[in-house]
Amino acid sequence: NTTEGAASTETKETGCVAVLKVAYVMTDSVIARYTYFKEKSGDITQKGKNFESELGSRAKGFEQEVANFQQSAQSMTPNQARAKQEELVKKEQNLVTYRDNIMQELSGDEAKLYSDVYDQIQVYLTEYAQANNLEMVLSYTRGGAIWYSNKALDITDIVVEGINKKYEASKVPAPAK
């Protein structure tokens, strides 16, 4: 007694047949096609480009300062040259620290985005499963635990459409009172 979207299992002890309604989503596809993810991911990419530009400007300024020092070092006293070298070493360390902080911030932004997206998908799938009497929604990823699944059980497109509608609806400003 197997219906489309349901798996039948029989227990030996009781001889009962239980119908388990199961569906799956292509996790990577849901994430990649989720409007919220695309928007926020674009924001992070833009932030990265802005940081890259700022870092490039700072690096050019530093390189120019090093070049100026190399040209004028001959006319400096040993103490002046040593002091300028120490100043340049500190500036280089600050530049490296700035770059590391940027990378850490962008990495944190990306991790938070994925966490938020997974949470939102979890909430949506719970609502969807309850509304459609599903007992289980599986995550299908290449190389994951599922090697084969009947395409009729794939609800990826439905989920993408639904979660995007829900997101778009959440962006509509509340009417003014």
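Cluster membership for Tyr24 and Met136, using ILVMFWY side-chain heavy atoms within less than 4.5 angstrom, is shared. When hydrophobic clusters are built by joining Ile, Leu, Val, Met, Phe, Trp and Tyr residues whose side-chain heavy atoms come closer than 4.5 Å, directly or via intermediates, Val123 is not grouped with Ile158. A continuous path of Ile, Leu, Val, Met, Phe, Trp and Tyr side chains, each step under 4.5 Å between heavy atoms, connects Leu20 with Ile146, placing both in one hydrophobic cluster.
Screening Glu39, Gln120, Lys40 for a side-chain hydrogen bond (donor to acceptor under 3.5 Å, both in side chains) involving Tyr34 leaves a single residue, Gln120. Results of the side chain to side chain contact (heavy atoms under 4.5 Å, CB included) test with Val30 over Leu125, Asp157, Val159, Asn164 single out Val159 as the only residue that passes.
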Tell me, with the steps shown, if Thr27 and Ser139 meet side-chain hydrogen bond (donor to acceptor under 3.5 Å, both in side chains).
CA-CA 6 Å; Thr27 308; Ser139 169; 2.2 Å; yes
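If you take OH on Tyr118 and CG on Leu113, they are separated by 11.0 Å, rounding to the nearest 0.5 Å. Remark: Leu55 CG to Ile102 CD1 distance equals 5.0 Å, nearest 0.5 Å. Between Thr45 atom OG1 and Glu52 atom CD the span is 11.0 Å, to the nearest 0.5 Å. Rounded to the nearest 0.5 angstrom, Ile121 CD1 and Ile163 CD1 are separated by 5.0 Å. Put simply, CD on Glu110 and CD1 on Ile44 are 6.0 Å apart, with the number rounded to the nearest 0.5 Å.
Ion pairing of Lys60 with Glu63 is absent here, as no side-chain N (NZ or NE/NH1/NH2) approaches a carboxylate O to less than 4.0 Å.
Surrounding CE of Met76 are more than 12 heavy atoms belonging to other residues, nucleotides or ligands, all under 6.0 Å away. Lys165 NZ: 12 or fewer foreign heavy atoms inside a 6.0 Å radius.
Between the side chain of Thr126 and the main chain of Gln122, a donor-acceptor pair closer than 3.5 Å is present. Between the side chain of Asn132 and the backbone N or O of Leu134, no donor-acceptor pair lies under 3.5 Å. Side-chain N or O atoms of Ser41 include none that pairs as donor or acceptor with a backbone N or O of Lys38 at under 3.5 Å. With hydrogens and angles disregarded, a donor-acceptor distance shorter than 3.5 Å links the side chain of Thr156 to the backbone of Met26. With Ser53 contributing its side chain and Lys49 its backbone, the two residues share no donor-acceptor pair below 3.5 Å.
Side-chain N/O atoms of Gln64 and Asn68 include a donor and acceptor closer than 3.5 Å.
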Quiz: residues 82-90 side-chain donor-acceptor pairs under 3.5 angstrom, not counting sequence neighbours:
from  : atom 1 : to    : atom 2 : distance (Å)
Arg82 : NH1    : Asn79 : OD1    : 2.9
Lys84 : NZ     : Glu65 : OE2    : 3.2
Lys84 : NZ     : Glu87 : OE2    : 3.4
Glu87 : OE2    : Lys91 : NZ     : 3.4

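Here the closest heavy-atom approach between residue Tyr124 and residue Gly162 is recorded as OH-CA, 3.2 Å. Contact between Ala59 and Leu95 at its shortest, heavy atoms only, is CA-CD2, 3.7 Å. Contact detail for Ala129 and Val137: the closest heavy-atom pair is CB-CG2, 4.1 Å. In terms of heavy atoms, Glu54 sits closest to Tyr98 at CG-OH, 3.0 Å.
At least one side-chain heavy atom of Asp100 sits under 4.5 Å from a side-chain heavy atom of Val96. Between Asp116 and Lys112, some side-chain heavy-atom pair lies under the 4.5 Å cut-off. The shortest distance between side-chain heavy atoms of Asp28 and Arg142 does not fall below 4.5 Å. Side chains of Asp154 and Tyr140 form no contact here, defined as non-hydrogen atoms less than 4.5 Å apart. Looking at Asp43 and Gln46, their side chains never come closer than 4.5 Å, going by heavy atoms from C-beta outward.
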